[in-house]
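Throughout, protein chains are lettered first and strands after them, A, B, ... in sequence-line order, and every chain is numbered starting at 1. The figures that follow rest on heavy atoms only: side chains count, while hydrogens, waters and symmetry mates do not.
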Protein chains: 2
Amino acid sequence: MYSTCMSGTDTARRLVEATQELLWERGYVGTSPRAIQQRAGAGQGSMYHHFGGKPDLARAAVRRSAAQVREAADAVLAREGSARERVRAYLEREREVLRGCRVGGLAQDPDVVADPELRAPLAETFTWLRGRLADVLEEGRAGGEFGPGLDTAGTAAAIVAVVQGGYVLARSAGEPGPFHEAADGLLALLDAHAARATPAS
Amino acid sequence: MYSTCMSGTDTARRLVEATQELLWERGYVGTSPRAIQQRAGAGQGSMYHHFGGKPDLARAAVRRSAAQVREAADAVLAREGSARERVRAYLEREREVLRGCRVGGLAQDPDVVADPELRAPLAETFTWLRGRLADVLEEGRAGGEFGPGLDTAGTAAAIVAVVQGGYVLARSAGEPGPFHEAADGLLALLDAHAARATPAS
DNA sequence: GTCTATACCTAGATAGAC
DNA sequence: GTCTATCTAGGTATAGAC
């Protein structure tokens with residue numbers, strides 16, 4: 001599942017990968033067919049042969065980036081360890097913080113949210129991620145790691161939001177510090193729940 | 001302080017306001033001088049008479065939007081009530097969730113973060129906001145509302161990040177629900193700290 | 001499949017008349 | 001102060017040759 005394999009020729013693959021990079025760096029409005037062609041080393045004819053145009057190419061690129069983001073998150077959340085440790089690993093895993101999220105960043109673009117086919121991978125990614133984190137938290141609660149009162153769905157939503165908002169704070173500040181401060185702050189709040197579940201003897 | 005008054009003529013004011021609206025709706029790359037002029041009801045000549053060009057106009061608009069965001073947040077955080085209640089009011093105040101944040105949304109734009117004069121108002125706004133929220137939390141801690149172990153700075157960063165990330169989740173989903181789920185989830189985590197400070201007898 | 005030529009529109013700005 | 005030309009570059013796409 002979450003396959004990132006691609007059908008089609010090598011040129012088509014390079015076009016999609018170039019589009020993924022440019023969407024990440026410049027967003028949808030900031031990405032031109034010309035720039036895509038140059039980065040992919042392909043001509044106009046190739047691009048319009050394989051894809052119907054910029055929106056078509058963007059849809060393929062966004063779907064692939066979304067699948068990759070889900071794969072990367074799942075790789076961390078499926079590891080061994082306590083729920084708290086897996087959440088911590090997710091919050092603090094190596095991230096190119098100042099680049100932001102390949103998927104979440106696109107939500108700022110009005111042309112993306114206006115196109116159902118472009119927005120769908122974003123919605124699916126965050127719905128899946130919130131569910132995946134809620135499952136991890138539920139495992140922890142069932143194992144006595146957290147108090148029974150932990151709102152797993154709400155906490156999961158807060159975790160995802162802190163990551164996405166952390167990118168905003170870091171990019172605004174021009175340095176990654178605020179991302180980590182927000183993540184650490186959230187973890188500390190979660191630990192208060194863990195402390196309640198297993199009070200110091 | 002945080003004055004949003006503007007110097008200059010009526011035309012200059014309309015140009016700045018039109019730019020503020022367009023930056024909010026379409027971002028920096030998505031906002032053209034032509035669109036600004038049309039929305040402001042001004043001609044080319046007027047715009048280039050009052051401002052040096054698109055970057056100059058954008059700097060004025062971003063500074064003003066940042067000041068307005070700080071004013072609005074301060075109005076909520078300076079109200080009467082407990083710290084917990086003021087944080088809740090900040091998280092749940094009326095927001096046009098699907099429009100996102102006038103200031104934070106610009107952090108996604110590479111041309112904004114690359115220009116120190118454009119990025120500075122973003123950095124100042126979030127630095128101020130985190131400090132203001134940390135002060136509110138500190139008041140609550142001093143008053144016994146939270147346990148002494150509350151990390152006020154980290155929690156403040158998490159609150160701001162949840163709001164900014166909540167916008168991302170809501171815009172991705174196409175509906176405001178995820179914003180409020182994340183905000184409620186964070187509040188519930190904070191309440192665990194309040195419960196520890198004043199355990200049920 | 002890939003190339004080049006062509007087309008039309010917009011971005012962003014300057015010059016000079018009024 | 002505001003207007004109307006005018007300009008160069010790029011965005012986005014189609015047509016048709018190879």
- Qualifying salt bridge (charged side-chain N to carboxylate O under 4.0 Å, His left out) pairs with a residue from residues 120-137 of chain A, counting only residues at least two apart or across chains: A:Asp74-A:Arg132, A:Arg130-B:Glu181
- Query: If you look only at pairs with a residue in residues 42-59 of chain A, which of them pass as a salt bridge (charged side-chain N to carboxylate O under 4.0 Å, His left out), with sequence neighbours excluded?
  - Reply: A:Arg59-A:Asp115, A:Arg59-A:Glu117
Side-chain donor-acceptor pairs of residues 156-178 of chain B under 3.5 Å, sequence neighbours excluded:
from	atom 1	to	atom 2	distance (Å)
B:Tyr167	OH	B:Arg95	NH1	3.1
B:Arg171	NE	A:Ala107	O	2.6
B:Arg171	NH1	B:Leu98	O	2.7
B:Arg171	NH2	A:Ala107	O	3.2
B:Arg171	NH2	A:Gln108	O	3.2
B:Ser172	OG	B:Val168	O	2.9
B:Glu175	OE1	B:Gly177	N	3.0

Which residues satisfy the side chain to side chain donor-acceptor pair (under 3.5 Å) test with [X], sequence neighbours excluded?
{"X": "A:Arg93", "answer": "none"}
{"X": "A:Glu96", "answer": "A:Arg99"}
{"X": "B:Thr19", "answer": "none"}

- Item | Pairing residues for B:Arg34 by the salt bridge (charged side-chain N to carboxylate O under 4.0 Å, His left out) criterion, not counting sequence neighbours | none
- DNA chain D-proximal residues of residues 48-61 of chain B, any heavy atom under 4.0 Å: B:His49, B:His50
- Task: Pull out every residue in residues 113-122 of chain B that has a heavy atom closer than 4.0 Å to any atom of DNA chain C, ordered by number, or say none.
- Result: none
- Is B:Thr9 near enough to D:dG1 that one of its side-chain N or O atoms lies under 4.0 angstrom from OP1 or OP2?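 Looking at the OP1 and OP2 atoms of D:dG1, neither is under 4.0 Å from any side-chain N or O of B:Thr9.
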- Query: Does B:Arg34 place a side-chain N or O at less than 4.0 Å from the phosphate oxygens OP1/OP2 of C:dA11?
  - Reply: yes
- B:Arg39: partners by side-chain contact (heavy atoms from CB on, under 4.5 Å), with sequence neighbours left out: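 side-chain contact (heavy atoms from CB on, under 4.5 Å) list for B:Arg39, sorted by chain: B:Ala18, B:Glu21, B:Leu22, B:Glu25.
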- Task: Identify, with sequence neighbours excluded, every residue that meets side-chain contact (heavy atoms from CB on, under 4.5 Å) alongside A:Ala60.
- Result: A:Val16, A:Phe51, A:Arg63
- Task: Mark up nucleotides 3-8 of chain D, 5' to 3', with B wherever a protein heavy atom is under 4.0 angstrom from a base atom, S wherever such an atom reaches only the sugar-phosphate, and - elsewhere.
- Result: B-B---
